[in-house]
Amino acid sequence: MNVTLAVKQYVSKMIESSGPGMKVLLMDRETTSIVSVVYTQSEILQKEVYLFERMDSQNRDSMKHLKAICFLRPTKENVDYLIQELRRPKYSVYFIYFSNVISKSEIKALAEADEQEVVAEIQQIITKEYELFDFRKTEVPPLLLILDRSDDAITPLLNQWTYQAMVHELLGLNNNRIDLSRVPGISKDLKEVVLSAENDEFYANNLYLNFGEIGTNIKNLMEDFQKKKPKEQQKLESISDMKAFVDNYPQFKKMSGTVSKHVTVVGELSRLVSERQLMEVSEVEQELSCQNDHSNAQQSVRRLLQNPRLSELDAVRLVMLYALRYERHSSSALPALMDELSRRGVSERHRKMVKSVVEYGGKRVRGSDLVTPTDAVAITKQFFKGLKGVENVYTQHQPLLHDTLDQLIKGRLKDSQFPYLGASSLRDR
C-alpha cells in the first residue's frame with residue numbers, strides 16, 4: 001500500500017468537498033507535517049488553496065471571502081482552539097476534518113460554539129475511510145504473517161549502502177527535508193533541501209541503488225545537464241531565439257536545482273563515509289553478521305575500537321553485533337571489548353545498550369538462529385554461497401525476513417516457530 005498516495009487522496013477529498021472558490025487550510029503542528037509530505041505548494045495551489053495557517057496562530061486576519069478547511073488531530077487543545085474560532089469566525093464557512101475519532105461531547109461543544117452557523121461539515125477521516133484496511137478481494141484469501149523484531153536484532157544495527165537508507169542514517173530525513181546547514185561551505189539555497197520521490201525523478205529512480213551506482217548516475221546527470229546548459233556566448237538575436245530560451249528556461253532551472261541538490265547530498269554522504277571510516281566499519285559488520293570466524297572477528301573489532309576516528313555510535317554497534325553473534329562462545333572477548341569502550345570514553349548510557357540488545361534479541365529470546373543454520377537446506381545454501389563468493393562485501397547480509405518469506409512461499413515454515421491458525425486448505429495451498 002502506498003501510504004503517501006492514500007493520504008494525498010484524503011486531503012484531495014477534503015478540498016474537493018468544499019466546492020469551488022478560494023480556500024484556506026487550517027492545520028495543527030502534526031497535520032501541517034503530514035500535508036507538506038504529500039503535497040507541494042504549487043500542487044495544492046492548483047486546488048484553489050491560497051493560504052496555509054496554523055490553528056494555534058494568534059495573528060490571523062479575518063478573511064470572509066475564504067472558505068476554511070480544518071484538518072486537525074482530535075486533541076482537547078485543538079477542540080478548544082476550534083471553539084474559540086467558531087465564536088469569532090474569521091472565514092465565511094468551515095469544513096472540519098479530524099484525523100481520528102472525536103467524542104460526542106466535543107462535537108456538542110463545537111455545535112454550541114457555532115452560533116453564527118458557519119460550520120458546513122464535520123468528519124472523522126479514519127472512521128469514514130473504513131476501506132483503508134480492507135484487503136483486495138482475491139480468489140485466494142490473504143495470509144497474515146506475524147513477526148517479532150527481536151527475532152532479528154542484527155539487521156537494524158548494520159550500516160546501509162542504498163541512497164535513501166544512507167540519507168536517513170547519516171543526514172536525517174524529516175518530512176522529506178534534509179538539514180544541510182552544518183555542511184562545510186554550504187550555500188544559503190542548499191541549507192535545507194527536499195527529497196521526495198513524488199516530485200524528484202532522479203531520487204525516485206535511485207532510491208534503492210547502492211552508493212557506488214549513485215556516484216555513476218550523478219556523473220551522468222551532470223553530463224546531461226552540461227549538454228543542455230545554455231552556452232555563455234549564446235546570443236539571443238531573434239524573437240524565436242528569445243522564445244526558445246524562455247520556453248526551455250523553467251525545465252533548465254528545475255534540472256539545475258536537481259543537479260545542485262543531489263551533488264551536494266551525495267558529496268556530504270561521501271564526506272561522512274570517509275570521516276567515519278564507514279567502509280572499514282561496514283566490512284567488519286558484514287563479517288560479524290555473515291561469517292563464522294570468531295578469532296578474526298574479535299581481532300577486527302578490537303582493531304577498529306582502537307581507531308580514534310571511529311564514532312561512539314559505530315563503536316557501540318560493533319560491540320553489539322559481536323555480543324549478539326558470539327554471546328555464548330567459549331572464548332568470548334565481550335568483557336575486554338566493554339573495557340575498550342570504557343577506555344574510549346563511551347558514555348555509560350551507550351555501554352548499557354550492549355547488554356540491553358542481548359536481552360532483547362539474544363539466543364534466549366530468538367525463535368530462530370540468525371547466523372548458524374541448523375537444517376540441511378540452509379547449510380547447503382550457505383556452503384554454495386561461500387564457494388561462489390559475493391559481488392559486494394558491504395551487502396553480503398540478507399535480513400532474516402528474506403528467508404522467512406521464501407520459506408512461507410514454499411510452504412516450509414516450521415510450526416514450532418510459526419504456529420498456524422486458520423483453515424487447513426489455506427495452509428496447504
Side-chain angles (χ1 to χ4, degrees), residues 2-133 174-177 194 196 198-199:
N2 187 329
V3 178
T4 301
L5 180 59
V7 174
K8 194 169 188 175
Q9 289 174 342
Y10 293 157
V11 176
S12 294
K13 286 182 182 179
M14 296 179 210
I15 298 170
E16 290 164 4
S17 297
S18 65
M22 299 175 67
K23 308 169 186 70
V24 55
L25 193 54
L26 283 177
M27 301 167 285
D28 59 33
R29 184 181 63 185
E30 297 298 328
T31 56
T32 298
S33 298
I34 292 170
V35 173
S36 69
V37 166
V38 300
Y39 264 113
T40 63
Q41 191 167 356
S42 59
E43 283 179 323
I44 209 162
L45 278 171
Q46 293 174 5
K47 296 183 176 292
E48 298 184 294
V49 178
Y50 296 101
L51 192 61
F52 310 89
E53 295 278 13
R54 284 275 294 270
M55 178 57 78
D56 56 357
S57 173
Q58 302 298 315
N59 301 317
R60 287 184 284 114
D61 296 325
S62 179
M63 296 183 179
K64 295 293 185 178
H65 61 290
L66 296 180
K67 299 177 180 180
I69 301 169
C70 306
F71 179 33
L72 306 164
R73 292 168 301 143
T75 63
K76 183 181 184 303
E77 182 182 32
N78 283 339
V79 171
D80 290 342
Y81 280 130
L82 259 180
I83 289 172
Q84 295 173 28
E85 179 78 20
L86 296 177
R87 285 173 179 164
R88 297 181 180 83
K90 295 179 173 64
Y91 311 104
S92 61
V93 64
Y94 288 76
F95 296 81
I96 302 172
Y97 299 89
F98 288 103
S99 63
N100 213 317
V101 178
I102 183 172
S103 68
K104 291 182 179 179
S105 61
E106 289 173 321
I107 291 177
K108 182 181 178 183
L110 290 172
E112 290 173 350
D114 185 25
E115 296 175 353
Q116 300 185 38
E117 298 184 347
V118 292
V119 176
E121 187 175 16
I122 297 181
Q123 289 189 14
Q124 300 162 151
I125 296 297
I126 297 299
T127 54
K128 177 174 177 286
E129 302 297 337
Y130 58 88
E131 293 183 354
L132 174 63
F133 298 104
N174 185 23
N175 295 327
N176 286 347
R177 286 172 167 79
V194 176
S196 169
E198 295 285 321
N199 306 294

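Quantities reported herein were computed from a predicted structural model and do not represent experimental measurements.
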Note: Arg60-Glu85 ion pair, threshold 4.0 Å (strictly below): yes
Does [X] use its side chain to pair, donor to acceptor, with the backbone of [Y] at less than 3.5 Å?
X: Glu48; Y: Lys23; answer: no
X: Lys64; Y: Ser62; answer: no
X: Gln58; Y: Asp56; answer: yes

CZ/Arg54: more than 12 non-hydrogen atoms of other groups inside 6.0 Å: yes
Would a 4.5 Å heavy-atom cut-off, applied to side chains only, mark [X] and [Y] as touching?
X: Glu53; Y: Tyr91; answer: yes
X: Ile44; Y: Val35; answer: yes
X: Leu110; Y: Ile102; answer: yes
X: Met63; Y: Val24; answer: no
X: Val11; Y: Ile34; answer: no
X: Leu72; Y: Tyr97; answer: no

Polar side chain donor-acceptor pair, Glu198 to Tyr39, under 3.5 angstrom: no
Residue list, salt bridge (Lys or Arg N to Asp or Glu O under 4.0 Å) with [X], at least two apart or on another chain:
X: Lys76; value: Asp80
X: Arg87; value: none
X: Lys67; value: none
X: Glu30; value: none

Pairwise distance [atom1]([X]) to [atom2]([Y]) - rounded to 0.5 angstrom:
X: Ile96; Y: Gln123; atom1: CD1; atom2: CD; value: 11.0 Å
X: Asp28; Y: Asn78; atom1: CG; atom2: CG; value: 4.5 Å
X: Met22; Y: Ser92; atom1: CE; atom2: OG; value: 11.0 Å
X: Phe52; Y: Thr32; atom1: CZ; atom2: OG1; value: 10.5 Å
X: Leu66; Y: Ser18; atom1: CG; atom2: OG; value: 11.0 Å

Closest heavy-atom pair and its distance - [X], [Y]:
X: Leu86; Y: Pro89; value: O-CD, 3.3 Å
X: Leu82; Y: Cys70; value: CD2-SG, 4.3 Å
X: Phe71; Y: Ser99; value: CE1-CB, 4.1 Å
X: Val37; Y: Asn176; value: O-ND2, 3.3 Å

side-chain hydrogen bond (donor to acceptor under 3.5 Å, both in side chains) against Lys8, all qualifying residues, sequence neighbours excluded: Glu43
Member of Leu26, Ile122, Ile69 meeting the side chain to side chain contact (heavy atoms under 4.5 Å, CB included) criterion with Tyr94: Leu26
Any pair counted as salt bridge (Lys or Arg N to Asp or Glu O under 4.0 Å), so long as it reaches residues 99-115, sequence neighbours left out: none
